[in-house]
Amino acid sequence: MRRWFGSTKNIFGCVGALVGLLLYVAGVIGPLWLMFVVLAVLYTAGALLGPPEKVRLVVDPSVEAAEVRSSLDTLVQTASGRLPESTVDAVRRVAEMLSDLLSDPRRLAANPELQHRVLLLARTDLPLSVQTYLNLPRWFAAHRAEAGQELATQLGLIERRTHQLAEEYYAAEVNRQKDQTRYLGEEP
């Protein structure tokens, strides 16, 4: 209902009805009952002729970032009790870095390629690595050191990629800081 009141079709219908009301006030339309008929007809015509709403397929970056950050928090909580302690720390570090990169979604959205790579790490790569390990039966994972080593290797690679993305993301600030240092070091 709320969506209809703000829709372009409703606005066009209201404009049509307003024209009918002005015609009644100007004396063009006779009796009162006829005015209501004309208002209904003009409103309907305006609503039918009004342009359809624009389709929005792109998700708001701030909503998307909030969802991904929430899922990262859930991932860390899930991993805390079930993964080997050395890998839990790696999952926590990666999740914190990714969450930090997602903290300013508008800035991240300004670089679509970087945004895609951050979301790929946060939505697919990190959860898939943890999920694959957690889907192994505990007794099997406990007796196979390879499974824990494989997870640690994957997390190391993900952490390295996350560091590379952070370097790209904060490159402008690092350059600004270097410029300030050069400026302060100059003789007056």
Under 4.0 Å between a side-chain nitrogen and a carboxylate oxygen: does that hold for Arg123 and Glu64? yes

With a 4.0 Å cut-off, would you call Arg176 and Asp179 a salt bridge? no

Let me have the donor-acceptor pairs involving side chains of residues 73-81, under 3.5 Å, with sequence neighbours excluded, atom names and distances please.
{"from": "Thr74", "atom 1": "OG1", "to": "Ser70", "atom 2": "O", "distance (Å)": "3.1"}
{"from": "Thr78", "atom 1": "OG1", "to": "Thr74", "atom 2": "O", "distance (Å)": "2.9"}
{"from": "Ser80", "atom 1": "OG", "to": "Val76", "atom 2": "O", "distance (Å)": "2.7"}
{"from": "Ser80", "atom 1": "OG", "to": "Arg92", "atom 2": "NH2", "distance (Å)": "3.4"}

Contact check, side chains of [X] and [Y], non-hydrogen atoms, under 4.5 Å:
X	Y	result
Leu121	Leu126	no
Leu102	Leu119	yes
Leu49	Phe12	no
Gln180	Tyr183	yes
Cys14	Ile11	no
Tyr133	Pro84	yes
Tyr170	Asn175	no

Residues passing the side chain to side chain donor-acceptor pair (under 3.5 Å) test with Glu53, sequence neighbours excluded, are Thr8

Residues in side chain to side chain donor-acceptor pair (under 3.5 Å) with Glu186, at least two apart? none

Look up atom [atom1] in [X] and atom [atom2] in [Y], then write down how far apart they are to the nearest 0.5 Å.
X	Y	atom1	atom2	result
Asp125	Gln154	CG	CD	9.5 Å
Glu67	Leu72	CD	CG	12.0 Å
Thr132	Glu150	OG1	CD	10.5 Å
Leu134	Leu83	CG	CG	5.0 Å
Tyr169	Gln115	OH	CD	10.0 Å

Ignoring hydrogens and angles, write down the donor-acceptor pairs under 3.5 Å from the side chains of residues 22-34, residues two or more places apart or on other chains.
none

Considering only distance and modelled atom types, tabulate donor-acceptor pairs under 3.5 Å from the side chains of residues 159-167, sequence neighbours left out.
{"from": "Glu159", "atom 1": "OE1", "to": "Arg93", "atom 2": "NH2", "distance (Å)": "3.1"}
{"from": "Glu159", "atom 1": "OE2", "to": "Arg93", "atom 2": "NE", "distance (Å)": "2.8"}
{"from": "Thr162", "atom 1": "OG1", "to": "Ile158", "atom 2": "O", "distance (Å)": "2.8"}

Shortest non-hydrogen separation from Ala65 to Pro105 and the atoms involved: CB-CB, 3.7 Å

Heavy-atom pair with the smallest gap, counting every atom of Pro52 and Lys9: CA-CE, 4.2 Å

Scan the side chains in residues 35-43 for donor-acceptor partners under 3.5 Å anywhere in the protein, sequence neighbours excluded, and list what turns up.
{"from": "Tyr43", "atom 1": "OH", "to": "Trp4", "atom 2": "NE1", "distance (Å)": "3.3"}
{"from": "Tyr43", "atom 1": "OH", "to": "Asn10", "atom 2": "OD1", "distance (Å)": "2.6"}

Begin from the C-alpha positions of Leu155 and Val94 and carry the test side chain to side chain contact (heavy atoms under 4.5 Å, CB included) through to its verdict. CA-CA 8 Å; Leu155 291 173; Val94 170; 5.6 Å; no

Any donor-acceptor pair under 3.5 Å from Ser103 side chain to Asp100 backbone: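 Yes, the answer is positive, given that a donor and an acceptor are paired below the 3.5 Å cut-off.
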
